[in-house]
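Comments concern the structure below.
Each residue takes its place number in the sequence, starting with 1.
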Amino acid sequence: MVPDKYRGGRCLTMRASGESGDNLSPIAPVEFESPVGQLLAQILRTHPHLLPAAVDQQLDNLQSDKNDQTEETPQSQDLLYKRIAEVKEKERQKTLEEIIYCLIVQKFVDNEISMIPKVMETSDPTGRVDFWPNQEQKLEFVHSPEAFEMIQSHLSLVLGDRMVGPLSTIVQISKIKLGKLYAASIMYGYFLRRVDQRFQLERTMKTLPEDFTKSQARFEDPNPGKQLWDPDSLIRIPPHDDDDGGGYGDAEGKQYRLRSYVMYLDSETLQRYATIRSKEAISLIEKQTQALFGRPDIRILDDGSLDTSHDEVVSLTFSGLTMLVLEAVAFGSFLWDAESYVESKYHFLKS
């Protein structure tokens, strides 16, 4: 049986559900606002094979602009020049964000994965909003087998024992909780790609610690009574049973698991790997989440508590919920890749 990954052509646009004619919805939920972002989005739609060269050119332009500004700025640094420099820096940041976002979208396009459009009310009598295609197999292929094993544990953690029920079961969830789950899963994917790259490199170089598979978990088991989608519980690595035969061997027959490797790392390294490196990446996580679920309607009451009574509740199946989580994890993985690539061409990360 041929996997879905190899069927059909590359789809650069999504037809909006319930609409006819030539009205095509964007290839990604976040709209490109800068001239550079709009140009790259157009190239991605019409000539995707030219996108890498176009991105490199735009990064060169950003570097030249930054260099020119440094040379032109007088030593006096009066308020006018400072203000001009601030405006240009904000413009560069927006351009940089949209370059990174375009590289993320390209990853979805290259893997023939349609990104989930904005979650909004439908005419379905049950109130379901998840009428996007099931792309679980394609989303699995963008990760290493070791990483996907941990993603499955992540799904079990955030969905709990509800995973055992029928995938067609409809559940009602507030948009705020759904947004928190999506954003936290992006951060989990970012962390996972980062640590998996180190794991794969050390395994290839045969520098993995001899005793790392024997180390004990430093993370507590997830508390079954803990409320679902609590972001504080999402980057926890539950210990595994060493007798289950899992793991991935090397040429010498040694068994290695990414989960064991993560638990071997010291807490300082784990904290560093779980930290988003750039303000551009943090902004994109926020924009992607808000593009899907809207800005949360949260009000602060007189006593200082948060009022979420105006939050909208949506209905979706467990299959749709799983797809949301898998897309978010993939987005986080692609975010790490795109951020790293851009940094290699245009230094913007703070040391």
Side-chain angles (χ1 to χ4, degrees), residues 29-30 115-122 124 126-132 134-136 139 150-192 219-238 274 276 281-301 303-333 335:
V30 175
M115 297 184 73
I116 294 172
K118 181 178 180 179
V119 175
M120 52 197 306
E121 292 183 3
T122 67
D124 184 77
T126 64
R128 276 187 59 193
V129 296
D130 58 317
F131 290 100
W132 44 79
N134 188 313
Q135 304 173 98
E136 184 172 343
L139 288 165
M150 289 188 64
I151 293 169
Q152 289 177 313
S153 297
H154 172 74
L155 279 169
S156 298
L157 175 61
V158 298
L159 300 183
D161 54 8
R162 303 186 185 191
M163 284 279 291
V164 301
L167 292 178
S168 59
T169 301
I170 294 179
V171 61
Q172 291 188 324
I173 307 176
S174 75
K175 275 192 173 182
I176 289 180
K177 286 186 177 181
L178 208 52
K180 284 182 178 180
L181 171 62
Y182 191 89
S185 294
I186 290 178
M187 291 187 283
Y188 182 77
Y190 183 95
F191 159 79
L192 195 57
F219 298 87
E220 297 177 359
D221 280 315
N223 185 350
K226 202 174 186 68
Q227 187 175 2
L228 295 181
W229 2 108
D230 179 355
D232 294 335
S233 71
L234 294 186
I235 302 184
R236 289 192 177 190
I237 316 300
I276 307 298
I282 293 172
S283 177
L284 284 176
I285 294 173
E286 179 180 324
K287 288 180 178 178
Q288 172 69 9
T289 303
Q290 290 187 357
L292 283 176
F293 308 107
R295 295 184 66 88
D297 188 358
I298 301 177
R299 305 175 188 182
I300 301 178
L301 301 178
D303 61 359
S305 61
L306 298 180
D307 176 18
T308 60
S309 59
H310 298 278
D311 183 25
E312 182 182 348
V313 175
V314 297
S315 299
L316 68 167
T317 62
F318 279 112
S319 176
L321 189 57
T322 300
M323 281 296 303
L324 272 173
V325 173
L326 289 177
E327 180 188 272
V329 173
F331 187 98
S333 298
L335 175 59

Any side-chain heavy-atom pair from Trp132 and Leu324 closer than 4.5 angstrom?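 Yes, side chains in contact.
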
Flag the pair Leu155 / Leu326 as yes when at least one side-chain heavy-atom distance between them is below 4.5 Å, and no otherwise.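 They are in contact (side-chain heavy atoms under 4.5 Å apart), so the answer is yes.
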
What are the two closest heavy atoms between [X] and [Y], and how far apart are they?
{"X": "Met120", "Y": "Val129", "answer": "O-CG1, 3.3 Å"}
{"X": "Val30", "Y": "Lys287", "answer": "CG2-O, 3.6 Å"}
{"X": "Ser185", "Y": "His154", "answer": "OG-NE2, 3.1 Å"}

How far does [atom1] of [X] sit from [atom2] of [Y], to the nearest 0.5 angstrom?
{"X": "Tyr182", "Y": "Glu327", "atom1": "OH", "atom2": "CD", "answer": "3.5 Å"}
{"X": "Lys175", "Y": "Arg295", "atom1": "NZ", "atom2": "CZ", "answer": "13.5 Å"}
{"X": "Ser156", "Y": "Ile151", "atom1": "OG", "atom2": "CD1", "answer": "12.0 Å"}
{"X": "Ile173", "Y": "Lys180", "atom1": "CD1", "atom2": "NZ", "answer": "13.5 Å"}
{"X": "Phe293", "Y": "Gln288", "atom1": "CZ", "atom2": "CD", "answer": "8.5 Å"}
{"X": "Ser174", "Y": "Leu181", "atom1": "OG", "atom2": "CG", "answer": "10.5 Å"}

Applying side chain to side chain contact (heavy atoms under 4.5 Å, CB included) between Leu316 and each of Thr322, Asp130, Ile170, report the one that passes.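 The passing option is Asp130.
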
Hey, does the side chain of Thr289 reach the backbone of Gly179 with a donor-acceptor pair shorter than 3.5 angstrom?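 No; zero donor-acceptor contacts below 3.5 Å.
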
